[in-house]
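Each residue takes its place number in the sequence, starting with 1. Read the numbers this way: they start at 1 and go in the same order the structure lists the ligands and their atoms. Only a predicted model underlies this, so the values are computations on that prediction, with no experimental measurement involved.
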Amino acid sequence: MKLRKVSAAAATALVLALTATACGGDDGGDSNGSGSGGGNKIKIGIKYDQPGLGLKEPDGSFSGFDVDVATYVAKELGYKPDQIEWVETKSADRENALSRGDVKMIAATYSITDERKQKVDFAGPYLLAHQDLLVKKDSDITKATDLNEKKLCSVAGSTSAQNVKDDFAPKAQLTQRGGYSECLSALQSGAVDALTTDDSILAGYAAQDQYKGQFKLAGLKLSNENYGIGVKKGDTATLNKINTALEKMVSDGSWEKAVKENFGPANYKNEPAPKIGQIVQ
Ligand code: GLU
């Protein structure tokens with residue numbers, strides 16, 4: 001009996017070893033995600049402070065739609081969840097993190113834009129969001145032009161900050177912070193009058209227990225934000241695999257499930273799954 005147990009354990013160990021060899025590496029030997037030289041890990045960039053999208057929980061685990069999408073994609077690339085190393089990639093750091101090879105891919109509310117496409121490549125899109133405003137419950141800001149002369153917070157390196165300057169509120173007093181949670185604190189303390197970014201992100205903040213009833217979304221669709229998964233420029237092999245994985249995620253129902261689980265609590269009404277390669281301008 002004892003002997004049989006040992007041999008069963010040995011067989012399990014062997015299977016595990018074989019699985020570990022078979023899984024993981026499929027794309028060269030760089031240190032950000034391959035089996036052949038990188039220790040069977042894949043480094044993926046996400047946000048750490050966006051509930052419902054990319055959040056580092058107090059217990060050190062990660063949650064959100066971007067996390068679920070990236071986990072699914074990683075699985076299709078041959079990496080189990082425990083082979084993923086999550087890396088925080090703030091808005092302004094994303095292109096550099098990919099160019100330097102710090103991470104293999106980025107799923108971090110990362111809008112596909114022509115400017116960014118000069119530096120990185122994008123798989124997807126996998127979600128369509130829209131820029132909106134988050135204001136205090138009693139605020140009289142209801143439209144973008146109300147922002148002129150008002151104090152507005154957004155994040156450096158985001159399309160949200162750029163759109164304000166270029167487009168809908170050039171006279172707003174724009175403060176740019178490193179992350180959206182910093183803007184949220186500024187909004188709560190009254191240091192700014194509004195926070196602007198994607199409605200998907202804002203809905204997550206408004207629904208947080210500690211903020212419930214304090215804020216409202218203006219409900220404006222100020223832009224189309226097509227979320228893509230960023231990869232290093234020229235990494236077509238990974239890009240094609242990610243696109244195949246994203247298509248599968250939609251067709252097998254996992255995309256819809258992830259949407260419900262992550263956006264349901266914030267009551268965020270998401271757009272239907274986008275088609276790969278189709279950008280809504
Ligand atoms: N989706 C927009 C962007 O890529 C805003 C959100 C963000 O900063 O991640 O810039």
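Under a 4.0 Å N-O distance rule, the pair Lys233/Asp121 qualifies as a salt bridge.
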Run the side-chain donor-acceptor check on residues 165-179: report pairs under 3.5 Å with partners two or more places apart or on a different chain.
unit_1 : atom_1 : unit_2 : atom_2 : d
Asp166 : OD1    : Gln162 : NE2    : 3.2
Asp166 : OD2    : Gln162 : NE2    : 3.4
Gln173 : NE2    : Glu149 : O      : 3.0

All N/O donor-acceptor pairs, side-chain side in residues 274-281, below 3.5 Å, sequence neighbours left out:
none

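Protein neighbours of ligand 1 below 4.0 Å, counting non-hydrogen atoms: Lys47, Ser91, Arg94, Ala108, Thr109, Tyr110, Ser111, Arg116, Ser158, Thr159, Ser160, Tyr180, Thr197, Asp198, Ile201, Glu225, Tyr227.
Residues in residues 51-61 take part in these side-chain hydrogen bond (donor to acceptor under 3.5 Å, both in side chains) pairs, two or more places apart or across chains: Glu57-Ser63, Asp59-Ser61.
Within the 4.5 Å cutoff, no side-chain heavy atoms of Glu95 are placed close to those of Asp93.
Note: Phe65 and Trp255 have perpendicular aromatic rings, judged against thresholds of 30 and 60 degrees for the angle between ring planes.
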